[in-house]
Each structure stands twice: as structure tokens, then as C-alpha cells.
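Notes follow once the structure below has been shown.
Letters go in sequence order (proteins before strands), and every chain restarts at 1.
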Amino acid sequence: MSLATESITSLRAKLTSREIQPGDILDALASSIDQKNDSVGAYLSYDLESAKQEANTADLSKPLGGIPIAIKDNINVKGLPTTCASKFLDGAYTSPYDATVIRKLRDAGAIPFGRANMDEFAMGSTTENSALGTTTNPHDPARTPGGSSGGSAAAVASDTAIAALGSDTGGSIRQPASHCGVVGLKPSYGRVSRYGLVAFASSLDQIGPLSKSVEDAALVLNAISGYDTADSTCLNEEVPDFTQGLNDGVKGMKLGLPKEYFGEGIDPAVRQKIDQAISGLEAQGAELVEISLPHTAYNVATYYIIAPAEASSNLSRFDGVRYGNRVEKPEDILDLYRRSREGGFGPEVKRRIILGTYVLSSGYYDAYYNRAQKVRTLIRKDFQDAYQNVDAILSPVTPSAAPLLGADKDDPLQQYLADIYTLSANLAGICGISVPCGKVASDNGTQLPVGLQILGPHMGEQNILRVARAAEQQA
Amino acid sequence: MSTEHIDVRYIADLARIELSDEECSTFQGQLEAILGYVETLKDVDVEGIEPTAHASPVFDRLRQDASRPGLNQADLLRNAPDSALGQIRVPKVVDPS
């Protein structure tokens, strides 16, 4: 068995007993990437030599000492390219600094290794919006890995990464984790610093781990969480040890089942796996409580006003002036902006910038953006009310398993509607995790993973990790 | 929330994106569909509801006004498409007339 197939926990035991060296893990990953990256395409780039140099000096006494972690290509790692899977930055940007999460990973002894593919600027749910490469689902090469952190999820699922960082603005960690059969955790808003993450929608973005086990997710979360003066939205709250209490079980916990998340539109085979996981948790002693999140029907509309609005503002920095690719021979500064952005951005990014500019424009601001922000308040309140009575909420991650490549390619609205169960956590600022709960048979004879979503209150990561651990054991 | 007035080329120009005719017509239909869908928000009673800008309470945070290391100028200029004399160069912005 290759070391590339193992979890952080298992590799850490072997490292501390000196059975293996950090370089052995990198060699195993490199050989696995050689075998699989042509078909899976999880990585846009990797630098084995510099990672090996870091491995030579890795401090094995640290919690993640000697463990390579793959990094979504929208997080700055000093000296490496950050492309956001966009032609705008490809070949034209080298990170001049480490994102806070990278500094923290290094402080914990980990080795950032490899840049994972993604939807361009994290906009999409299939990784097909990458301008720089195709990533396929390790469980079925005809299907997408999900997105936007599709490269991170596919790397972990294909044993070409031990664990990875992704970013989640509307489900972009949890949804690809679900489609690829790995664990993916979106932390509460403010738990993890966003400094050095290329901003998509600043009030929604969070960085989080994708991993092979719930315990691994807790270990990475331990390393990346905590106060940072470089991000004014990062909360000054004590970081607990997330591995503590993982195995306490769900006996006596109250788990909410929102009736709006179990209505029409769920694939019956997916529904069956979710129901089985829920019954299993009940059998382990959890108390199931039917709840209501009455504004669920407005999640998609609210999100697809707020996120593009913030994106249109954030992506104005990509103007061809300070970094990135600039059009040749511009007539004047406006021509430079317009044509650099025309050539640098792909269709989904343009679509969202235009949508965001429209909903913020004079005469439409109140009708769209301001109204969406008010509905966001109601969605948040739904969750605050629910957590008065329950410790965590259970739901599907997506209505169906991984879609075929090219499905709904020209119908963005149809793609947006599949985000119904994941967007609310970002709108409400709460935490959520996807944990594998079985597989369903696809039309083309493959077995596709299904994820159970566990949503916790703001700063309630310990609750969801504990439930996820219990669900993982019965899967 | 009327959507029949979305002028894709005008909005793209506000966003400083040049579009081909083909892109314009593709986006027109797709954006009309999305804007039609978000009309559902009209059904929500938001009377007296405060808008949420941030999902967790964020207050102004002050730091000590002290010097601290910044980013390396050479590293930053290496990312610039065009530079001269330690500065980023763009086409002339001032109108000569």
C-alpha cells in the first residue's frame, strides 16, 4: 500500500516512530500523481523539489510535522504561482507572500505541496469553469468532481494528496467533498483568516480542509484557525482542540431535520442514503427533531444577488495594471481595462461580474441588493431560532450525485439551483461539514459517493465534528 | 423588479469588460433567466428588517500606529505587466489638450 493512500493520523504515527521520513510521503504522492494526474487532473502545478527541501527540515514534533497539504490555487503561497484557474493570472503572477493559513500550516509543521484546480475565481460547481485544465471525478471519469474546490477534493479522493485546503463561498468545499467521497469542512465565518485568499465574495468566503477522515479535518482545522490582525473579519476567539471530544458519540444530542431540505427534487437513491445515515445516528442515541427553516426557498435567489455583487467589486482589482495579463498595445487606459478583462476572464466570471454590477447599479440597488441583504437577515434568523432547540442540523449536500461533464453547460440557472442545500451556511455564517455516507449506482454503471451535510451553529465546529465522526463510523 | 431593461452591453461597460456580439446575446438570455428567477424575493415581507452585510458581528478594529515590514518592492514589480524606474507603467491618462 502506498503511503499516499493513508490519513494524516496514520502517517503522523509512522513519522514520529521514525518508521518513515517526510520525503517518503512526497515520493509516494509524486508517483501517484504521475499515474493519475493525466486522467484526474487534480493539480495545475506542483514543485516536488522545493517541497522536498522543506521536508528535510520539517519539525516532526509539530502537530502536522512532515505532512504535505495540497492548496487550492486561489490561496497565496510565497514564491509559487496563484492562477485562480484563470487566463488572467496564468503565467503572470507569483505570490509575493504567504496567506495566513499557509503561514499557520507551516507553523504546524505541514508542507504546502501542489496547486489544486478549481472553477475560475471559485465561480462554479463542477470545476469545468477552470480555464487551465479539466478535472474529472476519481469515481467516474465521465463525471465532474464538483466544485469549485474540485481539484482539492479529487486530489484527496484519488490519493494524490493526503489532505487539501479549499475555499467555500456557497458550498465549494462541501459539494466537491460529497461528489468525491471525502470529508470537507466549511468553518464558521470569522474562524479562519481570509488574508491571502483571492477574494470572491468577502462576506461569504471561508477557507477549510478536505481530508480522508473527520479526525484529519479536525487536525487541519486546529492548525489554520484563529485570530489574525490582517483580516478584520477574523474573530478573536479562543481555538479549542477540535480533536477533543470527537469520539464522544451522539447519544443525547438533538439533531434537526429541516422539512424544507427533504422535499421534492432529491434523487430517490441519494435520499435513501441520507435517510439511512440519519437512522444510524438515531440508533446511536441521537434525538431527531423535525424543524423548519421557512426561508429556504429564497436561498438561491438571495445568494445569486449577494455573491455576484461582492464579486463585481472584488474582481475590479483585475484590471491589467498591477498584476496579471495586460492586453497588447492598448489605445488608452479604458481600452486597457476593457480588453484585458475581456481576454482574461471566462464566461462564468463575466456573467457574474455583469450580474453583480447590475444589481448594484443606480435604480436597482434597493430592489435587488438591499432586499437580498434583508432576506439574508431572515435566513440567518431561521438558523438562530433552530439552534435554540437543536445541536446540529442534518441534510443532503446536493440533490443528486456528481453530474456528467458538460451537463447544464449553457444553463447557469439550472446549475445554481443545485446549490440549494449548501448556500444557507454561507449566508448565515455558520459551519458545515460533508461526510461520506455511502454510494449510489449511476446510469453508466459506476458507484458515486453521497455526502451527508451536518450544519452547526456559528462557532459550533465541535458539534458537527462529533456528529460527523459518528456518521463516518457507520458508513 | 422589472428585468426587461437589462442592457448587457451598457452594464458590461460599467464593469469595464468589452464583450463580443455573441457573448452579449448569450448573456442577455441567461441573465434574463436569472433575474426572472430572483424575482421570487418580491414575495418576502422585509418590512422593518435590517439588512445583513456580515454574517458575524464585525466592529472597527484599531491597531497601534507603528511601522511594520511591508511587501518586497522587487517581488511586486515582477508581477506588473509593465514597469519602469521602480514604478508600474500604464498608458498616459492625462488628456494632452
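- For B:Asp45, the part lying near chain A is the backbone, with the side chain staying farther off; criterion is any non-hydrogen pair under 4.5 Å.
- Comparing B:Thr52, B:Asp43, B:Ile34 by how many heavy-atom pairs each has under 4.5 Å with chain A, the most go to B:Thr52.
- Of all non-hydrogen atoms in A:Arg322 and B:Pro81, the two that sit nearest each other are C-CD, 3.9 Å.
- Across B:Gln30 and A:Pro412, no two heavy atoms sit closer than the pair NE2-CD, 3.7 Å.
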Start with the C-alpha distance between B:Val44 and A:Lys374, add both sets of side-chain angles, then the distance that settles side chain to side chain contact (heavy atoms under 4.5 Å, CB included), and finish with yes or no. CA-CA 9 Å; B:Val44 188; A:Lys374 289 177 180 174; over 6 Å; no

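- Only the side chain of A:Leu336 comes within contact range of chain B, judged by heavy atoms closer than 4.5 Å.
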Show, in sequence, the C-alpha distance, side-chain angles and deciding distance for B:His54 and A:Thr233, and conclude whether the side chain to side chain contact (heavy atoms under 4.5 Å, CB included) test is met. CA-CA 9 Å; B:His54 269 282; A:Thr233 63; 3.6 Å; yes

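- Closest approach of A:Ser203 and B:Ala53 over heavy atoms only: CB-O, 3.3 Å.
- Counting heavy-atom neighbours within 6.0 Å of B:Tyr10 OH, excluding the residue itself, gives a total of 12 or less.
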Run the side chain to side chain contact (heavy atoms under 4.5 Å, CB included) check on A:Arg338 and B:Asp13 step by step: do they pass? CA-CA 8 Å; A:Arg338 289 192 187 108; B:Asp13 191 54; 2.7 Å; yes

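- To the nearest 0.5 Å, the span separating CD1 on B:Ile11 from OG on A:Ser361 amounts to 4.5 Å.
- In A:Gln384, the CD atom is crowded: over 12 heavy atoms of neighbouring residues, nucleotides or ligands sit closer than 6.0 Å.
- Looking at B:Leu31, the atoms closer than 4.5 Å to chain A (heavy atoms on both sides) all sit in the side chain, from C-beta outward.
- In this structure, the portion of B:Leu71 lying under 4.5 Å from any heavy atom of chain A is its side chain and not its backbone.
- At a 4.5 Å heavy-atom cutoff, A:Ile306 makes no contact with chain B through either its backbone or its side chain.
- In this structure, chain B has a heavy atom under 4.5 Å from the side chain of A:Leu334, while its backbone stays farther away.
- Using a 4.5 Å cut-off between heavy atoms, A:Ala297 contacts chain B through its backbone alone, with no side-chain atom that close.
- When side chains are defined from C-beta on, A:Val359 does not count as touching B:Val38, because their heavy atoms never get closer than 4.5 Å.
- In this structure, the side chain of A:Arg380 engages the main chain of B:Ala55 through a donor-acceptor pair within 3.5 Å.
- Contacts between A:Thr302 and chain B at a heavy-atom distance below 4.5 Å involve backbone atoms as well as side-chain atoms.
- In this structure, chain B has a heavy atom under 4.5 Å from the side chain of A:Tyr416, while its backbone stays farther away.
- Ranked by heavy-atom pairs shorter than 4.5 Å toward chain B, the options A:Leu427, A:Ile333, A:Asp366, A:Ile379 are led by A:Ile333.
- B:Arg78 is not listed as a side-chain neighbour of A:Tyr93, based on a closest heavy-atom distance of 4.5 Å or more.
- With a threshold of 4.5 angstrom between heavy atoms, A:Ser312 does not approach chain B through any atom at all.
- The greatest number of non-hydrogen atom pairs below 4.5 Å with chain A, out of B:Leu77, B:Ile88, B:Asp75, is found for B:Ile88.
- Residue contact with chain A, scored on non-hydrogen atoms closer than 4.5 Å, involves the backbone and the side chain of B:Leu19 alike.
- The CZ atom of A:Arg376 lies 13.5 Å from the CG atom of B:Leu41; values are rounded to the nearest 0.5 Å.
- Interface remark: A:Thr94 contributes backbone and side-chain atoms alike to the contact with chain B (heavy atom separation under 4.5 Å).
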Take A:Val375 and B:Ile49 through the side chain to side chain contact (heavy atoms under 4.5 Å, CB included) test and state the conclusion after the steps. CA-CA 8 Å; A:Val375 180; B:Ile49 303 294; over 6 Å; no

